[in-house]
*Asks:* 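I am attaching a structure below and will ask some questions about it afterwards.
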Amino acid sequence: MDKFVIRGGNPLLGTIRVSGAKNAALPAMAAALLTEEPVILENVPQVRDIETERKLLAAMGAEVELGFGRAQHRTTICCRKLAAPEASYELVKTMRASTLVLGPLVARCGTARVSLPGGCAIGARPIDLHIKGLERLGAKITQHHGYVEASANRLKGGEVVFDKITVTGTEDLLMAATLAEGETILQNCAREPEVADLADLLNKMGAQIEGAGTPTIRVEGVEKLHGAKHRVIPDRIEAATFLLAGALTGGDLNVSACDPSHLGALLQKLDEVGVKTAHTSESVRVMGDNPLRAADVITEEFPGFPTDMQAQYMALATQAEGTSIITENIFENRFMHALEMVRMGANIKIEGSRAIVRGKTPLSAAAVLASDLRASASLVLAALVAEGETIIDRVYHIDRGYEHIEEKLRGVGAQIRRIGEILPKKAVAPAMRGYSQST
Ligand code: UD1
């Protein structure tokens with residue numbers, strides 16, 4: 001298991017480039033299941049979740065070529081023949097977003113067998129809304145031996161009102177509806193940029209979708225979809241992580257190849273805490289020369305402050321003067337990083353869904369444990385301002401969603417290196433076994 005060794009104290013200076021969005025690339029790859037023709041995706045990040053999705057599609061008989069060596073990070077997926085429309089527990093347990101294949105498979109093949117993801121480190125995260133939505137489109141769904149089995153001769157358009165806003169639920173239903181007979185209206189949809197990006201790709205493939213990026217999406221089903229070429233949007237969570245890192249370290253950092261229009265809630269919060277920013281249409285510069293002021297954050301669905309930026313914001317809050325109250329509204333157990341930050345000297349109290357962060361406290365290096373993807377990123381940020389050498393264990397979590405993060409950070413002045421270690425099996429904490437990974 002790899003670890004990061006980080007020596008804190010260096011301001012981040014220079015330009016750091018953002019990769020393509022993992023959370024947009026994953027549904028885009030699943031969308032390729034809807035057609036027999038090749039789908040070409042550019043700007044796909046070289047992260048572990050993409051490799052997991054490749055394995056998932058390949059196990060069904062898809063031809064997937066991941067071209068990371070080239071500048072475009074181009075992936076070509078061809079699902080001409082699908083041998084087994086199935087997502088196994090072995091893969092779903094390592095990546096919950098594997099359940100995104102449920103809708104496309106039942107729409108294209110008339111049958112799908114997908115493992116239920118089970119528990120997760122950050123919350124219960126059921127997929128009941130995906131299932132209810134597909135039933136509304138006429139799929140027959142049963143559950144046996146931990147698997148969801150769905151079937152339909154052809155899905156029929158209908159109205160689906162999501163009880164709760166769900167990102168991958170919206171994406172799953174959106175993909176299914178493209179091949180359904182007649183019109184589907186999806187209500188109370190997620191408005192995340194990744195949903196709109198998926199709709200862009202699907203429309204290039206011949207789908208008829210209107211309203212993606214708003215709460216109501218209309219889909220007029222078509223008989224067939226065809227191949228297409230699409231460039232995945234930049235990763236707004238990676239961009240936010242770098243902006244917070246620049247601000248936190250008192251640096252002067254230009255975060256390039258991002259889309260500032262996806263970062264509104266964060267940019268407003270940076271302004272509130274006293275951080276200067278300037279942006280072009282595809283970059284944001286953060287200038288962290290002012291003292292940081294505390295500011296509260298409440299996580300919400302887009303365009304609110306994303307839950308995926310909460311942990312990284314907490315690292316910043318430990319270095320702000322005053323008390324910041326961080327309220328987590330999306331997931332019920334997403335404060336694991338707080339306890340690790342406390343071990344580094346932060347003053348954080350957890351009260352239910354609220355974290356009360358009292359700053360500014362100096363942080364000191366410690367051995368800490370990454371519990372999930374964004375928690376790992378927050379510990380990297382904390383380590384960048386801690387005195388001494390922090391060792392972060394289980395960085396495989398960060399490799400799921402950040403492309404070569406240590407190389408990128410080293411390029412702007414951070415002292416960070418990766419070390420590998422082979423641990424005996426019993427050294428893996430039992431509490432973490434059996435949990436599928438957060439996204
Ligand atoms: C996606 C993102 C993840 C992000 C999250 C919230 C991907 C691959 N992952 O995850 O990074 O943290 O959105 O922005 O895009 N829920 C139900 N039933 C369902 C589905 C969801 O109760 O069927 C609940 C969840 O438990 C959670 C809330 O709805 O409390 C939002 O979850 P959802 O938007 O579905 O998250 P994901 O799509 O899994």
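One-based numbering, in listed order, for ligands and for the atoms of each. Note that these values count all heavy atoms, side chains included, but never hydrogens, waters or copies made by symmetry.
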*Asks:* Kindly compute the distance separating OG1 (Thr168) from CG (Leu26), expressed to the nearest 0.5 Å.
*Replies:*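 The distance works out to 10.0 Å.
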*Asks:* Closest by any non-hydrogen atom to atom 17 (C) of ligand 1: pick that one out of Asn329, Asp128, Thr307.
*Replies:*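 Of the listed residues, Asp128 has the closest heavy atom.
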*Asks:* My understanding is that we take every heavy atom of each candidate and find the minimum distance to atom 21 (C) of ligand 1. Doing that for Gly169, Ser98, Pro126, which one comes out nearest?
*Replies:*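 Nearest option to atom 21 (C) of ligand 1, by heavy atoms: Pro126.
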*Asks:* So, for Ala199 and Ala212, which heavy atoms are closest and what is the spacing to 0.1 Å?
*Replies:*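 Distance-wise, the nearest heavy atoms are CB-CB, 3.3 Å.
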*Asks:* Are any of the N or O atoms of Asp308 closer than 3.5 Å to those of ligand 1?
*Replies:*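 There is such a contact, yes.
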*Asks:* Restricting to non-hydrogen atoms, name the atom on Leu134 and the atom on Leu173 that form the minimum distance, rounded to 0.1 Å.
*Replies:*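 Smallest heavy-atom distance, with atoms named: N-CD1, 3.9 Å.
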*Asks:* Closer than 4.0 angstrom: is that true for some heavy atom of Ile165 and an atom of ligand 1?
*Replies:*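 Yes.
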*Asks:* Please report the shortest heavy-atom distance between Thr178 and Ala207, naming the atom on each side.
*Replies:*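 Shortest heavy-atom separation between Thr178 and Ala207 comes out as CG2-CB, 3.7 Å.
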*Asks:* Side chains of Glu65 and Thr76: any donor to acceptor distance under 3.5 Å?
*Replies:*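 Distance-only check fails for Thr76 and Glu65.
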*Asks:* Using a plain distance cutoff, I'd like to know if Glu332 has any nitrogen or oxygen under 3.5 Å from a nitrogen or oxygen of ligand 1.
*Replies:*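 There is no such contact.
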*Asks:* Ligand 1 versus Phe331, non-hydrogen atoms closer than 4.0 Å: side chain, backbone, both, neither?
*Replies:*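 Side chain only; the backbone of Phe331 stays clear of ligand 1.
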*Asks:* Counting only heavy atoms, which portion of Val167 has something under 4.0 Å from ligand 1: side chain, backbone, both, or neither?
*Replies:*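 Contact part for Val167 vs ligand 1: both backbone and side chain.
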*Asks:* When Gln319 is tested against each of Thr249, Val357, Leu292 for side chain to side chain contact (heavy atoms under 4.5 Å, CB included), which residue passes?
*Replies:*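 Considering Thr249, Val357, Leu292, a side chain to side chain contact (heavy atoms under 4.5 Å, CB included) with Gln319 is found only for Leu292.
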*Asks:* For Arg54, does the CZ atom sit with more than 12 other heavy atoms under 6.0 Å from it, leaving out its own atoms?
*Replies:*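 Count over threshold, so yes.
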*Asks:* So is Arg96 in contact with ligand 1, going by heavy-atom distances below 4.0 Å?
*Replies:*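 Per 4.0 Å heavy-atom rule, Arg96 does not contact ligand 1.
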*Asks:* Of all the heavy atoms in Arg125, does at least one lie under 4.0 Å from an atom in ligand 1?
*Replies:*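 Arg125: in contact with ligand 1 (<4.0 Å).
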*Asks:* May I ask whether Glu328 places a heavy atom under 4.0 Å from ligand 1?
*Replies:*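 Flag not set, Glu328 not near ligand 1.
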*Asks:* Suppose I only count heavy atoms of Ile330 and a 4.0 Å limit; which atoms of ligand 1 are within that range?
*Replies:*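 With Ile330 as reference, the close atoms of ligand 1 come out as 27 (C), 30 (O), 31 (C).
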*Asks:* Just let me know how Lys132 lines up against ligand 1, side chain, backbone, both or neither, with a heavy-atom cut-off below 4.0 Å.
*Replies:*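 For Lys132, there is no contact with ligand 1 at all, from either part.
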*Asks:* Below 4.0 angstrom from a heavy atom of Arg334, which ligand 1 atoms are there? Numbered from 1 as shown, please.
*Replies:*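 Atoms satisfying the 4.0 Å criterion: 12 (O).
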*Asks:* Which of the atoms of ligand 1 are close to His130, meaning less than 4.0 Å from one of its heavy atoms?
*Replies:*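 Matching atoms, with element in brackets: 23 (O).
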*Asks:* Can Glu328 and Ser353 be counted as having a side-chain donor-acceptor contact under 3.5 angstrom?
*Replies:*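 Ser353 and Glu328 do not have a side-chain donor-acceptor pair below 3.5 Å.
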*Asks:* Tell me the closest heavy-atom pair linking Ala366 and Met344, and the distance in Å.
*Replies:*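 Distance-wise, the nearest heavy atoms are CB-CG, 4.2 Å.
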*Asks:* List every atom of ligand 1 that sits less than 4.0 Å from any heavy atom of Ile127, numbering the atoms from 1 in the order shown and giving each element.
*Replies:*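 Within the 4.0 Å cut-off of Ile127, ligand 1 contributes 19 (C), 23 (O).
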*Asks:* Begin with the C-alpha distance, continue with both residues' side-chain angles, and end with the deciding distance and a verdict on salt bridge (Lys or Arg N to Asp or Glu O under 4.0 Å) for Asp200 and Arg231.
*Replies:* CA-CA 10 Å; Asp200 267 1; Arg231 187 172 174 82; over 6 Å; no
*Asks:* So, regarding Thr166 and ligand 1 (criterion: nitrogen or oxygen to nitrogen or oxygen, under 3.5 Å), is there a contact or not?
*Replies:*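 Min N/O separation from ligand 1 is below 3.5 Å for Thr166.
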*Asks:* Looking only at heavy atoms, which two atoms of Ala239 and Leu263 are closest? And how far apart?
*Replies:*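 The pair with the smallest heavy-atom distance is CB-CD1, 4.1 Å.
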*Asks:* Could you tell me whether some N/O pair between Lys22 and ligand 1 is separated by less than 3.5 angstrom?
*Replies:*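 No.
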